[in-house]
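Here the structure is laid out as structure tokens; the discussion comes afterwards.
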Amino acid sequence: MTDEAPPQEPVRKEVRETRIVSRRVRAFPDDGHTMERALADGAYELWREVLRRADTKWIHDEVKASGLRGRGGANFPTAIKWESLPDVFPRYLVVNADEGEPSTFKDRLLLEGDPHALIEGVCIEAYRMASNLAFIYVRGEFALGADRVAQAIADAKAKGFLGTNILGSGFDLEVVVHRGAGAYICGEESALIESLEGKRGMPRIKPPLPIHVGVYGKPTVVNNVETICTIPQILKMGGAEYAKLGVNRSTGTRLVAVSGHVERAGVYELELGMTFRDIIYDIAGGIRGGKELRFFLPGGASFQWLVNRPEHLDQVYDIDDVVAKLGTSLGSGAIMVYDQDTDPLMVAWRLAKFYAHESCGKCTPCREGTGWLEKVLYRMSHGLGRPDDMDALLDISVGMSPDVLRAPFTQTTICPLGPSPVSAVASLQKYFRAEVDAACSIGAGVTP
Amino acid sequence: MTTTPETPNGVLERSERYRARVAEIVAQYPEPHSAILPLAHLAQDHDGWLSLEAMEEIAEACGTTPADVQGVCSFYTMYKRRPCGKLVVSVCTNVTCLVLGGPEVLEHLEHHYAADPDVTVEEVECLAACDRAPVLQVNYEYHDHVTNETATQIVDEYKAGTRAARGVSGGKVKV
């Protein structure tokens, strides 16, 4: 980052949806998932073209030119990830559809509403990386999503888009839908691979990265649903054209899931480069019932919160700029909005409870720390707080994320689940310390 | 949930089609061990819960030990290793549902169906439908913008059979 030219002051983006990945879902909300509708809408035409062309390098080159970064939350450049793939066979493609981050609900929209876009993306990517077996790991609770994807695979097979000797090309591809069974941690790629191998979903120590040693010890590309669905669109419009959308190194569009106390919650496909104010007030219609905004979570549950201040609301929705200026992240593309009447302690407690429940138990700092954060935050948020509780939270947090207030967070655990609840603690300390202390002072509640 | 009570065989009859489906699932994977999760879903949908006997059967199909299968299945919250109601009602109380009424719906349903053996009410984490909070699932079928009244009405419709329910693992009840 430091070696590059300083990012330019972004040009304000027009405040409206730009439907590229979500185009078919939105155009055909009732039957976009069916083969008939998808075919009539041009599905699999690109797949035919990909098979007709002799080489596959152009796919990589277009994606690289597009600047596409993984949409699962880590924002790693997709083409760069692919480049590390070693020359070892067999190799596997895994689609991460284990969407479990609180307030994130964009991948489910694609799974249920446009499974053929996903399958076409899987075909193209599997062909590019010369893999004959792909897995789609669908979150267990997504029963309808898993059904729709399985149906799409069966229909694609019947039409000859999948299976053996696809459209006479000599290329074989099978796609397996693998349902999870209720574990947030399986969204972490190495835990997902463990789960796919029929084990407890506990993250693996890295290195080796899954791209080198993944499913069954073989090289494995793990990509998010939205990432895979974006690839065909990039190939259709051209990487350079796609890269014109967005701002700085945050190119293109993202599916942004807005929820909480807004008038119009939902998933919106937005060109990167708007401000949080644009998204919360214009796109999502502002705060319900004419109330005031108190705070919002800009990127799912795992990153630091932002509050009702001009410098936060006028922050540009730019992956790197948000990290550099405000020490938080756009994460999985979810924005949770809370009005003036929301108790930040209650939200922090519920998030801690989530992480305590979902900690896999492999690393001690996370297994123990998430539980303690939950216990202390419970009493703080239920009128039983003690005067030194906020300091106790900070103290516990040090064991999980040594530079508690720093962002992006530091970690003492194998995967980032451990330090994630510390983001809420850091947010309380940064923005709500006075209120928290008042709520936990002697006489404020029933102090035992 | 650390123990499984003494029960008569928790495995219902296995048809030829069921056995064929098991073989089909195992054959999807390069290594049979991968079939543990899908076979556990299959057994749970069919039997109504995941019994020790079912896990022994899965171990055999996957070429591993019953202890291994139990160890794996106990990690995942969707597997019910004790008999449960034929309707599993999952109510989200995570942060968006929390501020929009999820916990109230949960409490109401817990009281309302406390003595009903057909209905198991549970608190779950984010179900990824926050734009329509508060949200619940009945056997993994979504119902959104629920209130105490609509929630009980929906569950009662499933009970009466006027709504078709999935299996308790979200799949087909009969293979």
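In what follows, chains carry the letters A, B, and so on, assigned in the order in which the sequence lines appear, proteins first and then strands, with residues in each chain numbered from 1.
Residue B:A129 touches chain A through both its backbone and its side chain, counting heavy-atom pairs closer than 4.5 Å. If you measure heavy-atom distances from A:T104 to chain B, the contacts under 4.5 Å come from the backbone alone. When heavy atoms are compared at a cutoff of 4.5 Å, B:T64 does not approach chain A at all. Looking at A:E141, the atoms closer than 4.5 Å to chain B (heavy atoms on both sides) sit in the backbone and in the side chain alike. The parts of B:H33 that come within reach of chain A are both its backbone and its side chain, each placing non-hydrogen atoms under 4.5 angstrom from that chain. Proximity to chain B involves both the backbone and the side chain of A:K353, based on heavy atoms less than 4.5 angstrom apart. Looking at A:H178, both its backbone and its side chain come within 4.5 Å of chain B, counting heavy atoms on both sides. Looking at A:E194, neither its backbone nor its side chain comes within 4.5 Å of chain B, counting heavy atoms on both sides. With a 4.5 angstrom heavy-atom cutoff, A:R179 touches chain B via backbone and side-chain atoms both. No part of B:Q44 comes within reach of chain A, as not one of its non-hydrogen atoms sits under 4.5 angstrom from that chain.
Interface residues of residues 259-269 of chain A toward chain B, defined by a heavy-atom distance below 4.5 Å and sorted by number: A:S259, A:G260, A:H261, A:A265, A:G266. Residues of residues 133-140 of chain A that come closer than 4.5 Å to chain B, counting heavy atoms only, are A:L133, A:F135, A:Y137, A:R139, A:G140, ordered by residue number.
Taking both residues in full, the closest heavy atoms of A:F105 and B:D131 are given as CE1-CG, 3.4 Å, listed atom of the first, atom of the second, then distance. Taking each heavy atom of A:G198 and B:V72 in turn, the nearest pair found is O-CG2, 3.3 Å. Nearest heavy atoms, A:V177 versus B:Y29: O-OH, 4.3 Å. Closest approach of B:Y76 and A:G201 over heavy atoms only: OH-N, 3.2 Å. When all heavy atoms of B:V124 and A:R350 are compared, the pair lying nearest together is O-NH2, 3.9 Å. The two residues A:S103 and B:C130 come nearest to each other via the heavy atoms CA-SG, 3.2 Å.
Inter-residue side-chain proximity for A:K218 and B:P30 is flagged as unmet; no heavy-atom pair is nearer than 4.5 Å. Contact of the B:E31 side chain with the A:E197 side chain is not registered, since no non-hydrogen atoms from C-beta on lie closer than 4.5 Å. Proximity of A:L196 to B:L37: side-chain heavy atoms (C-beta onward) are nowhere separated by under 4.5 Å.
Contacts classified as ring-ring contact (aromatic ring centres under 6.0 Å, His included) and involving residues 118-150 of chain B (residues at least two apart or in different chains) are given here: B:H143-B:Y158.
Ranked by non-hydrogen atom pairs under 4.5 Å with chain B, the options A:A301, A:A257, A:S195 are led by A:S195. Between chain A and the options B:L127, B:V69, B:D68, the largest number of non-hydrogen pairs under 4.5 Å is found for B:L127. For chain A, the option among B:G171, B:C97, B:G170 with the highest count of heavy-atom pairs below 4.5 Å is B:G170.
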Please evaluate residues A:M346 and B:V99 with respect to the criterion side-chain contact (heavy atoms from CB on, under 4.5 Å), reporting the C-alpha separation (whole Å), side-chain torsions for both, the decisive distance (0.1 Å), and the verdict. CA-CA 9 Å; A:M346 198 55 106; B:V99 296; over 6 Å; no
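Applying the 6.0 Å contact sphere to NZ of A:K157 captures no more than 12 heavy atoms from other residues, nucleotides or ligands. When the shell of 6.0 Å around CD of B:E110 is examined, it contains more than 12 heavy atoms from other residues, nucleotides or ligands. Counting non-hydrogen atoms of other residues, nucleotides and ligands closer than 6.0 Å to OH of A:Y378 gives a total of 12 or fewer. Atom NE2 of B:H111 has 12 or fewer heavy atoms from other residues, nucleotides or ligands within 6.0 Å.
Atom SG of B:C126 and atom CG of A:L351 lie 10.0 Å apart (nearest 0.5 Å).
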Atom pairs and distances, side-chain donor-acceptor, residues 181-188 of chain A, under 3.5 Å, sequence neighbours left out:
residue, atom, partner, partner atom, Å
A:Y184, OH, A:E101, OE1, 2.5
A:E188, OE1, A:S190, N, 2.9
A:E188, OE1, A:S190, OG, 2.7
A:E188, OE1, A:A191, N, 2.9
A:E188, OE2, A:S190, OG, 3.3
A:E188, OE2, A:K206, NZ, 2.3

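Taking 4.0 Å as the cut-off between side-chain N and carboxylate O, B:R166 and A:D147 count as a salt-bridged pair.
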